[in-house]
Amino acid sequence: MRNLYESVTKLDHRCYDIYQLPEDILMEHAAYAITDQIKERFEPGAKVLIVAGPGNNGGDGVACARQLLGEYDVHLFMPYGAKSSMCKLQLERFYACGGELSENLTDADIVVDALFGSGLSEPLNEESQHIITRLNELQSFKIACDIPSGIDSKGNPLPVAFVADLTITMGAMKLSLFMDLAKDYVGKVIVADLGISSKLYESESDYKLLEESDLKPPYRTRFNSNKGTYGHLALIAGEKEGAAIMAALAALRYGVGLVTLVTCEKIQVPYELMHSSHLPPKTTALAAGMGLGMEYSDEDLEEFLHKDLPMVIDADLFYSSKIQEIVKREKVVLTPHPKEFGALLRNLNLADLSVEEIQRDRIGAAKIFTKAYPEVVLLLKGANPIIAQGEQFFINPLGTNALAKGGSGDILTGLIGALLAQGYDPLEAAIQGSLAHAIASRKVDKANYALAPSDLIEVIGKL
Ligand SMILES: NC(=O)C1=CN([C@@H]2O[C@H](COP(=O)(O)OP(=O)(O)OC[C@H]3O[C@@H](n4cnc5c(N)ncnc54)[C@H](OP(=O)(O)O)[C@@H]3O)[C@@H](O)[C@H]2O)[C@@H](O)CC1
Ligand SMILES: [K+]
């Protein structure tokens, strides 16, 4: 797990004030992190186009150009000249080392985008949009300095942005790089240390980035155990019972001892699942909402939901008035996608946001809910799901586009339900369920368009 920051300005100031490391030293390290990647990936003589803006992001780019001079074929393009004092100083050094500015954008083996970083303050003008569009058309290896130019502090392209293969972000990971709308722009993201280890540079943060090493599958350690040791998950199956069946199969695969589908009508279920019209007395957790439809009256639901069990709630229940009671309980995980989250916020009279508004500020939208219901765990689905409780936010960047398919969400509900039933705390169940889901999608040995829910369930057994 790594810290994420909305802004690193405070961290930079700690460097100047406490560690006596001036901007110049930080910038030299920032630039060297880019130089280092170029040297690692390309032989001397390769052609490098560096597009540098007028501020300190541009300063990083100009310093990198100077570091490469003499060894690489360097082309430095500065459409707005140098404005910040550090950028001007770097340009003087570049000239002093014999560098010359390029008049035009040119094709190259490597493109470094150092046009705008954290100082992007307004939508890009036409000229900047034109430059970025032109850079995106080049068939080069593309490196973004700190943040792909055009991505704002909430992770939105304004309205276009540089599409990087690699983003080298300075000092620490930024939240904006892991928002859904930034996912198609950042490429691989690595952090550059700025002359000091991340342990000293970083301070505590409420925002965390999940990593593959955070996954802890529910491996069994007790030898003297029976199915009851591993919990009993009940899933409420509704109109579209296939959704609950997929969730149930995923839950069974992820370690829960017993799984029961609770249904109004007798339905055909796979032989490994149990089936009942009532909530089994020894249920240790509940999953409800997926495929529920209109089959149940509020009284029916009351019978299933009245017990104070740990529960994971999905899909149709976000539109039901029942949710107003559920969010007042403890040990609840909600897993809406953005459209359902909009409905949930409206249902709870918290906000009236469109899907676009939620996606443009996912953290802000999640905060509206977590401030009102700080005990409930929210998993806001998306390209990079956000898991939030109270003031803590976790982002899972590991999912792939293979998961964009009907049934994926039901499997996630099943995984979280399985962990709740096995006694995981709701926040840990949501984090671990989301990690297992995302990592499994990477391990399915199929083209990314071909993943079926059954593939995912299969791989979940091999994490
Ligand atoms: N602090 C440190 O210690 C370290 C900082 N580092 C680096 O500094 C970067 C931040 O630098 P920064 O604050 O100078 O901002 P930056 O992104 O260069 O942009 C500002 C310039 O762009 C302009 N501009 C803005 N929007 C615009 C628009 N839409 N269209 C056109 N112009 C626009 C804006 O103009 P102005 O608003 O002033 O008129 C100003 O001239 C950070 O991302 C990292 O790379 C590293 O070296 C590590 C150490
Ligand atoms: K940039």
Side-chain angles (χ1 to χ4, degrees), residues 5-35 49-67 77-91 93 111-132 135-136 142-153 155-177 182 185-187 189-196 198 201-202:
Y5 300 88
E6 279 182 301
S7 154
V8 292
T9 307
K10 268 194 194 153
L11 305 184
D12 287 338
H13 280 269
R14 270 171 18 135
C15 290
Y16 315 149
D17 302 339
I18 300 175
Y19 305 133
Q20 302 184 34
L21 295 170
E23 236 177 347
D24 200 1
I25 289 190
L26 302 192
M27 190 172 278
E28 199 61 26
H29 281 85
Y32 197 73
I34 305 172
T35 299
L49 167 66
I50 299 176
V51 180
N56 287 353
N57 195 253
D60 293 350
V62 182
C64 169
R66 181 238 312 146
Q67 290 168 359
F77 180 65
M78 295 191 75
Y80 306 115
K83 286 190 192 153
S84 76
S85 55
M86 277 307 299
C87 190
K88 285 180 183 160
L89 176 63
Q90 296 298 357
L91 191 56
R93 289 174 179 165
V111 171
V112 176
D113 152 44
L115 200 51
F116 306 115
S118 56
L120 184 71
S121 53
E122 54 188 307
L124 298 171
N125 61 23
E126 261 185 42
E127 188 181 356
S128 303
Q129 288 188 42
H130 175 76
I131 292 169
I132 289 172
L135 295 179
N136 286 344
K142 302 197 181 83
I143 301 177
C145 168
D146 200 19
I147 299 166
S149 295
I151 295 291
D152 74 3
S153 62
N156 301 306
L158 277 186
V160 297
F162 184 70
V163 180
D165 295 301
L166 176 69
T167 294
I168 303 174
T169 197
M170 305 309 171
M173 291 280 190
K174 278 113 206 157
L175 205 47
S176 57
L177 299 173
Y185 297 91
V186 294
V189 183
I190 60 172
V191 178
D193 285 347
L194 301 180
I196 191 172
S198 58
Y201 179 81
E202 293 183 6

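When a ligand or atom number is given, it counts from 1 through the structure's own listing order. What you see below is based on every heavy atom in this structure, not just the backbone, and it leaves out hydrogens, waters and symmetry mates.
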Run the numbers for me: atoms of ligand 1, each under 4.0 Å from some heavy atom of Met27, listed by number. 47 (O)

Output the list of atoms in ligand 1 that are nearer than 4.0 Å to some heavy atom of Gly117, sorted by atom number. 16 (P), 17 (O), 43 (O)

Winner among Thr9, Ile168, Leu26, Asn57 once heavy atoms are compared against atom 49 (C) of ligand 1: Leu26

Donor-acceptor contacts under 3.5 Å from residues 58-65 side chains, at least two apart:
none

If you take the nearest heavy atom of each of Leu194, Ile34, Leu21, Asn56, which one is closest to atom 14 (O) of ligand 1? Asn56

Between Arg14 (side chain) and Tyr19 (backbone), is there a donor-acceptor pair under 3.5 Å? no

Those atoms of ligand 1 less than 4.0 Å from some heavy atom in Glu23: 3 (O)

In ligand 1, the atoms that come under 4.0 Å of a heavy atom of Tyr16 are 1 (N), 2 (C), 3 (O)

For the residue pair Ser128 and Asn125, confirm or rule out a side-chain donor-acceptor distance under 3.5 Å. yes

The expected count of protein N/O/S atoms at less than 3.4 Å from the K ion (ligand 2) is 7

Would you say the ring centers of His13 and Tyr16 fall short of 6.0 Å from each other? yes

Taking side-chain contact (heavy atoms from CB on, under 4.5 Å) as the criterion, tell me which of Leu115, Ile131, Leu135, Ile50 meets it with Phe77. Ile131

I'd like to check which ligand 1 atoms, numbered from 1 as shown, lie under 4.0 Å from a non-hydrogen atom of Gly55. 14 (O), 18 (O), 21 (C)

